[in-house]
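Structure first, then comments.
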Number of protein chains: 2
Amino acid sequence: MHRDNWDDLRFVLAVAEHGSLAAAARALGVNHATVLRRIAAFEQSHGLTLFERSPAGYRIPPERLKVIEAAREVAAAVDAVSRTLRGAGAAPAGRVRVTSTDSLCVAVLPEILAEISSEMPELRLDLVAANERLDLARLSAEIAVRPAMSLPDDLSGEIGAELGFAVYAQRVQGERCRQWLGLGGTLARTPLADWLAGQAEPERIAGGADSFVVLAGMAAAGLGRAVLPCPLGESDARLVRLAAPQPELRVPIWVACHAELADVPRLATLRRRILRGLARRAAYLACGVRA
Amino acid sequence: MHRDNWDDLRFVLAVAEHGSLAAAARALGVNHATVLRRIAAFEQSHGLTLFERSPAGYRIPPERLKVIEAAREVAAAVDAVSRTLRGAGAAPAGRVRVTSTDSLCVAVLPEILAEISSEMPELRLDLVAANERLDLARLSAEIAVRPAMSLPDDLSGEIGAELGFAVYAQRVQGERCRQWLGLGGTLARTPLADWLAGQAEPERIAGGADSFVVLAGMAAAGLGRAVLPCPLGESDARLVRLAAPQPELRVPIWVACHAELADVPRLATLRRRILRGLARRAAYLACGVRA
DNA sequence: CCTTCCCTGTGAAATCATGCACAGGGACAA
DNA sequence: TTGTCCCTGTGCATGATTTCACAGGGAAGG
């Protein structure tokens, strides 16, 4: 069944975009019979019919559009490989990119980087916010600051502090607001989401988002109460905390870089300083209490 | 040169992950000679050597790691196709996902959605923040709110307001801060980035980020001055605007959905309400002035 | 009505990729 | 040193893919 050939997707996409076997074949520079057979192979190996055949050409029914969108993602990713391959240049000296979740990029890291920047003014510090595919995209940065229970094998790093979570809501509505905000996207597959499922009945969920920063904005606008990382909830004056942080939800914050890059002196210095910055804010990160 | 076979990436990835032709071949269930030739074909078609050959196996030099990471992205995207193909289910009723840039997801849309939610309490409104690949990932949401000069063909929508940009910096440092913050990632390929390049000499750039929300946080922490969407800059009390919004940088904000979904009544209603919400805040969006 | 054009679909020949078997070489242990 | 093991790399037979050429059918236009 799974003959699993990524190249078939290229043909699927071409047919979807050109509307017919023949047009796709012209665009791809191959014979139309080839396209016919590759599409047939793809459909058979996945056990479904993707296209509507008609004498006028191949059409994708609307309910199959998502597959095409997903295939477009693949195309974009392949393009990215090409671009990476082309501009295989090393990162410019004097410039370090730090990646983290958007919460930390907004709530804590700017402060820490500002301290570091004043001590090392020659350095250019870029922040790369990436919630999803963190483990995959990690090479778009030299240093990663990641809340996680453990670190992937090829990363080398240390724990700087722990991140705590609590429930927040709009200050003026406060306790009266009985609606909840749910976790979407990649956040939906975290222990936090399980915990939340135990707190809020599904019919009480008025909305959701795939990012804590957005959730904080929604909670502040009065859409409902949300579980947020403490430093994020505390940093927004429009929000009020409804309960103490849940100790069972604490997550270590790792400061890491690729094992291969662990010895670069500049990166090692920066890692140490970020670690120190996190450690100095440990209480704030875990409980939202400013030292 | 461009023989362009996506399937070769599968072999590249397998060799990178297993460390040798032979191990990759075992994992893929093919002969090692096949792997050898596919790798060779890939390298030749891209005109470079990706792996370091040694008697002990194939190794990727650290500077080539990015290519592998990009290939992993492709793998993830292919997985997504499979998952989409498997669970070809429709979105649950009574739940609408709205996607936009992180700036608007944080600064304006929560307010608008809160108004809508109070009028249509049975609806669950999810916000999906997506800066990059917006045009590709658009099917992860039903409605898109997008600042852009024009709309892709397969989207149908209207302009709700215009988004203005201005330079902001930390209130306490204010004008004294002579450092700038640059635009990274996808933001680096926008007209805004060109404009910024005309304002700030490269050596004055102390940092950067791929998201305006993160840039706002960095500017507020005193890392430098940043160009920000007006509603985002105005919503942060720690920031002060250094100059009037640049009229030439204004961008229309589209409220759109897939052409195929344009007629769904529930979505049409929601689109209208979002449009109204944007129009009512036109001055705030364009100049940062609260009506 | 017929003609033309563009589409899908199919069978046979040619091309290309794959698997197999084997050569060569480094690493490691006896 | 010798033997073993695992690795890369290469010729050749085989089998799968692709191309080519052609059949059939709907749509548009005279």
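Every value quoted in this text rests on a predicted model; they were computed, and no experiment measured them. Chain identifiers are assigned alphabetically (A, B, ...) following the order of the sequence lines, protein sequences preceding nucleic acid strands; residue numbering begins at 1 within each chain.
- Counting heavy atoms from C-beta on, the side chains of B:Trp6 and A:Asp8 never come closer than 4.5 Å.
- Atom CG of A:Asn31 is separated from atom P of C:dT10 by 14 Å (rounded to the nearest Å).
- Each of D:dT18, D:dT8, C:dT18 was ranked by its minimum atom distance to the side chain of A:Arg38; first place goes to D:dT18.
- The residues A:Asp7 and B:Arg10 are annotated as not salt-bridged, no charged nitrogen and carboxylate oxygen being separated by less than 4.0 angstrom.
- Atom CG of B:Leu21 is separated from atom C1' of C:dG19 by 15 Å (rounded to the nearest Å).
- Side-chain atoms of A:Arg53 lie closest to C:dG9 of the nucleotides C:dC22, C:dG9, D:dT18.
- As rounded to whole Å, 17 Å separates atom C1' of C:dT10 from atom CD1 of A:Ile39.
- One interatomic measurement links the two molecules: NE2 of A:His32 to P of C:dG9, which rounds to 9 Å at whole-angstrom precision.
- B:Arg53 CZ to B:Arg59 CZ: the interatomic distance, rounded to the nearest 0.5 Å, is 13.5 Å.
- Taking every side-chain heavy atom of B:Val30 into account, C:dG19 is the closest of C:dG19, D:dT8, D:dC20.
- In this structure, A:Asp7 places its CG atom 12 Å from P of C:dA17, rounding to the nearest Å.
- Residue A:Tyr58 places at least one side-chain N or O closer than 4.0 Å to OP1 or OP2 of C:dG9.
- Regarding contacts with the backbone of D:dT17, every side-chain N or O of A:Thr34 stays at 4.0 angstrom or more from both OP1 and OP2.
- Remark on DNA chain D: of its neighbouring residues B:Ala23 and B:Ala33, the 5'-side contact belongs to B:Ala23, judged by nearest-heavy-atom nucleotide.
- Comparing atom distances between the B:Ser20 side chain and each of D:dT8, C:dG19, C:dG9 picks out D:dT8 as nearest.
- At whole-Å resolution of the value, CZ in A:Phe51 and P in C:dG9 are 12 Å apart.
- Here A:Arg266 does not pair with A:Glu142 in a salt bridge; the nearest charged N to carboxylate O distance is not below 4.0 Å.
- Looking at heavy-atom distances under 4.0 Å, B:Leu36 makes contact with a base.
- For A:Arg37 against D:dT19, a side-chain-to-base donor-acceptor contact under 3.5 Å is present.
- Taking atom CG on A:Asn5 and atom P on D:dA16, their separation rounds to 15 Å, with Å as the unit.
- Here D:dT8 presents its C1' atom at 13 Å from CZ of B:Arg26, a figure rounded to the nearest Å.
- A sub-4.0 Å separation between OP1 or OP2 of C:dT8 and a side-chain N or O of A:Arg59 is absent.
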- request: Could you give me the CA-CA distance, side-chain angles and deciding distance for B:Arg37 and B:Glu43, then say whether salt bridge (Lys or Arg N to Asp or Glu O under 4.0 Å) is met?
  value: CA-CA 10 Å; B:Arg37 289 188 275 254; B:Glu43 292 190 335; over 6 Å; no
